[in-house]
Engineer: 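Below is the structure I would like to discuss, written out as structure tokens.
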Amino acid sequence: MTEAIRKNFASDNIAPVCPEVMAALERVNHGSAAAYGEDPATAALTALVKDVFEHDAWVFPVATGTAANSLALSAATDPFGAVVCDQSAHIANDEGGAPEFFMHGAKLVPIPSADGRMDVADLDRALTANEGHGVHTSPIQTLSLTQSTEWGTVYTLDHLQGLTARAREAGLNTHLDGARLGNAIAALGCRPADVSWRAGFDMLSFGGTKNGAMAARQS
Ligand SMILES: Cc1ncc(COP(=O)(O)O)c(C=O)c1O
């Protein structure tokens, strides 16, 4: 990485593709391969994800974090339902309505927080308020959290477990926007499993763009 890029604080997705990713793309870009996820590279990716996360997994590579979030949330939420998230969440502020579009009408219910990390008490209040309005309400069916958050803060593992436990008690599905999960894992010094399924999440959008992968970059 050049000095000019290292000192550019615009966003971590302005950086170029890292040399290891470029070399890996060159390695697989030979001969023909089956389409629609039936190719050896996708199989290798799935095996690697299972190994790194120490768990069985369905892996769906997509080009952007917005696509990953929208597809995951639409799989977990009915069109008449709702997703509870922090008010700073990327899904609520920076995805041009894509999650709502893919959910075919489901709402986002943002919760205020001081630094991008919602409290269990606030989640509890939102769930209780949501229950109290009968058929008129879009029932909250999914909890979506972000780790690291949009503020650059990091939830502790206990904090995450508290939130997902309350969500499970309310019968919600749980989704983690991990556009910057690698940074959180490094900051917490934990295993990828600790901050994903062991912390109570059913689904993970695992980001590569902000860690040197090739995605929708233009020059
Ligand atoms: C927390 C978070 N989630 C999702 C995304 C979406 O990623 P993309 O720009 O690849 O759609 C971003 C991008 O900045 C992000 O910061």
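Both ligands and their constituent atoms are indexed starting at 1 by order of listing.
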Engineer: I'd like to know if Asp122 and Arg125 make a salt bridge, using a cut-off of under 4.0 Å between side-chain N and carboxylate O.
Structural biologist: yes
Engineer: I'd like to know if Arg117 and Asp86 make a salt bridge, using a cut-off of under 4.0 Å between side-chain N and carboxylate O.
Structural biologist: no
Engineer: In ligand 1, which numbered atoms sit nearer than 4.0 Å to a non-hydrogen atom of Thr146?
Structural biologist: 1 (C)
Engineer: May I ask you to check whether Thr66 has an N/O atom sitting below 3.5 Å from an N/O atom of ligand 1?
Structural biologist: yes
Engineer: Flag Ala67 as yes when one of its N or O atoms lies below 3.5 Å from any N or O atom of ligand 1, and as no otherwise.
Structural biologist: no
Engineer: Count I, L, V, M, F, W, Y as connected when their side-chain heavy atoms are under 4.5 Å apart, and connections chain through other members. Are Leu73 and Leu172 then in the same cluster?
Structural biologist: no
Engineer: Which atoms of ligand 1 sit under 4.0 Å from any heavy atom of Asn69?
Structural biologist: 3 (N), 4 (C)
Engineer: Indicate, with yes or no, if Trp197 and Leu160 share a hydrophobic cluster defined by side-chain heavy-atom contacts under 4.5 Å among Ile, Leu, Val, Met, Phe, Trp and Tyr.
Structural biologist: no
Engineer: Would Glu100 and Lys107 pass as an ion pair if we require N to O under 4.0 Å?
Structural biologist: no
Engineer: Tell me which part of Asp177 gets within contact of ligand 1: side chain, backbone, both or neither, using heavy atoms under 4.0 Å.
Structural biologist: side chain
Engineer: Counting only heavy atoms, tell me which of His90, Gln147, Glu150, Arg180 gets closest to atom 12 (C) of ligand 1.
Structural biologist: His90
